[in-house]
Amino acid sequence: MTAQPSARTWYRLDNAAKIYPAIMRTRHTTVFRLAALMRAPVNPDQLQQALDLTLPRFPQFAVRLRKGIFWYYLETCHKPALVEEDVNNPLRPWSRADARSYLFRVRYGDRRIAVEFFHALTDGYGASVFLRTLVAAYLSLQGVAYPAGDGILDVRDAPTEAEREDAYRRFSNFKVILRPRESRAFRLQGTLLPVQQLSIICGICPADQVSAAARRFKVSVTELLVGVYLYQLYQIQQQGGYHTERPVRVSVPINVRRFYPSQTVRNFALYANPGIEPAYGSYSFEEVLGLVHHFMRYTINEKYLNAMMCANVAPEKSLLLRISPLPIKNLAMRLVYTWTGESRFTSTVSNLGVVNLPPEMAAHVERMEFMLGPSRYNPVNCAVIAANSQVVIQFSATMEETDPQRAFFRHLVRLGIPVRVESNRDWDGSGGE
Amino acid sequence: MSYCVHCGVELDRSEKRCPLCQTEVIDPREPFDEQAVRPYPRRLDPITRQINRRFVGSLITIVLAFPALLCGAIDFSQAGRLTWSAYVVGALVLVWSWTVPYFLLRRRTLSGVFIPGVLALLSYLFLIAWLQQDLSWYLPLALPLILMPSALIFLIVYLVIRRLIRGFAIPAAILIAAGLLIVAIELVLKHHAGGPVSPTWSLYAMIPCLALATVCLAIARRQAILDEIKRRLHL
């Protein structure tokens, strides 16, 4: 039995989602992807059935993007959601034709079940809940017991209002509004790949060895990975002939749910941008790691994050902005994003953390994967996810050169962490079909 | 399992080279297996580059609408009606009609973009004549002097787009059109002045134009001359 469809026919975009339709480009798709690599080949018919079971449980995802006079909004879509075959270059941007349908795609590969989400719909956590629920429904069709709870929703339950709330509005207290002032950051440069190619390099590491390395430096796993990446970006800047002393920063999305009792599966994340200032002098790896560690500890606490959240929500409450027509808002948001968004960091490391899989599912899922879409200015992005005792680090890039990826994985190997590498880069030889 | 000798990372069986450093995998015990299942499929999703023309059209509209509204408001608040601001608003509408249809039209045709622009230009001149309360120059001068070059430009662009003329035939057509246009302009001016309607000075401009056009047509018909010109003058 499926859940009752919701009576609501449209939704406002949540606070973080408002910017994504305005800044979406062919090379900045604002799409991300989560995948579960199964142990057995995927049955597309059963996956389609599982999607038909799962989607009514997530009415906030069964929507398409529409334009209002003042804001974009999400309108309930009644078209059938169909699974698609996986491709070499995922994370295709939403074209006008695509926008008339759902803002997510479910893809199946040989053993892979993947979901691609337009960021206006949800964040990494929301997508992981959807994917885990989808995989649980898929496995239940194959006779595996349905393991509801712990980030997996029961498709037989009715959707709740709490799951689709705009948590930013609910939890911003407006005591202080904080907008960190950041100068323009160092930008990686390289040979741009053709628009239909996306370079994916995936490193798989044992979770216990990554944790052990982090413990050795007395930092968290996110801090270790961000520290390694930041240090290697800094090395590339110093040795790569860039002749610039601009700060090297990495944007790290933070799941704010751990500070607030929110059940929302829509966007509820903020960002911290740890970085170093090469103009101040040369840094050792330990120094970079220490800076990242202390920056993250200083930034990631409820009060600091709330002040940042209020800075994002405040413009939404301004009457002048609200009554401005959508084209003017779009223009303003693009300008603001150009000045204060992507240009303030060199790359992104998004760590979704450990995704819990109940034993019934863990027996059928080899690993989880997480991938960010290409950005307009920053050609390399990194996404991390851990499940089934494996840390999967996936780089997606629009740049031909692989210097950041190579330097990052070599550094992990030097830290004693074994890395197994996979990629989609076969266009050098045989080329994509 | 093979390892990259440079990076130290373990490589998938389907990797012929290390994806990080492009070093070829040479492992006599476990050679590269071309039949191994690749971790990602080979099928490519077609992606076409999208330019948001509607956004550009909206942007131009906003940029033009702002000074138009501002001038209109200032003029109206001072004079109680539109006086000088009508010229500004008309000029901005003219700019809009030449630029925005190109971005907003789903199917951009020559007539869809060109004809509204010409009509807007005629309307703007009519507005000026009407505001000055002097329509005497509009019909005998403005109308033919706008319509004649517009018709010739439309015709040449149409022939070029349809590839009915190409190569050196294009400058030949432009020169013929320019020569005829000069004569027509002289006739219109003389008719308006009230003198005898016969070409005099325009012939001195038309004859070189036609002569050059003949040269161009001759070149267009001789492939050898064309090749020589391309060889000597290629950029």
Side-chain angles (χ1 to χ4, degrees), chain A residues 22 24-27 29 37 84-96 107 109-112 194-204 325-328 330-331 334 402-403 405-410 412-414 418-433, chain B residues 1-25 27 30 32-66 69 96 100 103-107:
Chain A
M24 184 176 64
R25 289 280 187 284
T26 312
R27 284 200 187 270
T29 61
L37 190 73
E84 298 174 33
E85 211 176 328
D86 202 9
V87 288
N88 188 277
N89 57 337
L91 306 168
R92 184 184 80 219
W94 255 262
S95 65
R96 280 201 199 111
R107 294 188 185 274
D110 174 36
R111 289 188 293 136
R112 191 176 277 119
V195 78
Q196 73 276 9
Q197 287 181 356
L198 182 71
S199 159
I200 302 168
I201 295 180
C202 176
I204 302 130
L326 185 61
I328 293 179
N330 277 344
L331 182 66
R334 280 181 199 184
T402 53
D403 303 55
Q405 295 95 314
R406 182 171 66 240
F408 178 84
F409 286 125
R410 279 182 181 177
L412 289 191
V413 170
R414 280 202 299 277
V419 182
R420 188 157 66 80
V421 169
E422 292 178 358
S423 89
N424 74 334
R425 293 172 66 98
D426 69 336
W427 56 79
D428 309 322
S430 50
E433 284 161 12
Chain B
M1 284 291 178
S2 303
Y3 285 79
C4 173
V5 291
H6 273 279
C7 303
V9 296
E10 189 182 321
L11 298 169
D12 193 78
R13 275 180 71 91
S14 61
E15 300 288 358
K16 190 177 180 183
R17 295 196 187 101
C18 169
L20 299 171
C21 66
Q22 302 300 312
T23 303
E24 201 168 337
V25 181
D27 185 346
E30 214 169 292
F32 164 65
D33 182 4
E34 206 150 329
Q35 302 303 317
V37 179
R38 286 196 60 80
Y40 294 89
R42 286 198 164 136
R43 194 171 74 88
L44 282 174
D45 216 357
I47 298 174
T48 46
R49 193 176 263 281
Q50 295 170 42
I51 298 168
N52 194 344
R53 290 178 180 273
R54 276 173 180 273
F55 175 76
V56 178
S58 313
L59 187 65
I60 294 171
T61 307
I62 293 165
V63 168
L64 295 176
F66 188 68
L69 289 172
W96 185 91
V100 173
F103 295 105
L104 290 190
L105 286 176
R106 195 172 285 271
R107 205 168 146 262

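Just so it is clear, the values below take in all heavy atoms, side chains as well, and ignore hydrogens, waters and symmetry mates. Sequence lines set the chain letters: A, B, ... in the order given, protein chains first and strands last, and positions in each chain run from 1. The model shown is predicted, which means the values in this text are computed figures rather than measured ones.
Closest heavy-atom contact between B:Y40 and A:C202: OH-CB, 3.8 Å. The nearest pair of heavy atoms linking B:C21 to A:R410 is CB-NH2, 4.0 Å. The two residues B:L20 and A:R406 make their nearest non-hydrogen contact at O-NH1, 3.0 Å.
With a 4.5 angstrom heavy-atom cutoff, A:N89 touches chain B via backbone and side-chain atoms both. Within the 4.5 angstrom heavy-atom criterion, no atom of A:E84 approaches chain B. Contacts between A:I328 and chain B at a heavy-atom distance below 4.5 Å involve backbone atoms as well as side-chain atoms. Both the backbone and the side chain of A:L331 come within less than 4.5 Å of a heavy atom of chain B.
The only option from B:P39, B:C4, B:C7, B:P19 that meets the side chain to side chain contact (heavy atoms under 4.5 Å, CB included) definition with A:V421 turns out to be B:P19.
B:R13 pairs by the side chain to side chain contact (heavy atoms under 4.5 Å, CB included) definition with B:E30, B:D33, B:A36, not counting sequence neighbours. Residues forming a side chain to side chain contact (heavy atoms under 4.5 Å, CB included) with B:L69 (at least two apart in sequence, or on another chain): none.
Side chain of B:D45 to backbone of A:P90: no donor-acceptor contact under 3.5 angstrom is found. In this structure, A:N88 contributes its side chain and B:R43 its backbone to no donor-acceptor pair below 3.5 Å. Remark: the backbone N or O of A:P418 is not paired with any side-chain donor or acceptor of B:E10 at under 3.5 angstrom.
One distance of note links CZ of A:R425 with SG of B:C18; it measures 10.0 Å at 0.5 Å rounding. Here CD of B:E15 is found 7.5 Å from CD of A:E422. Values are rounded to the nearest 0.5 Å.
Chosen from A:V87, A:L37, A:T402, the residue pairing most often with chain B at heavy-atom distances under 4.5 Å is A:V87. Between chain B and the residues A:Q405, A:Q196, A:R112, the largest count of heavy-atom pairs under 4.5 Å involves A:R112.
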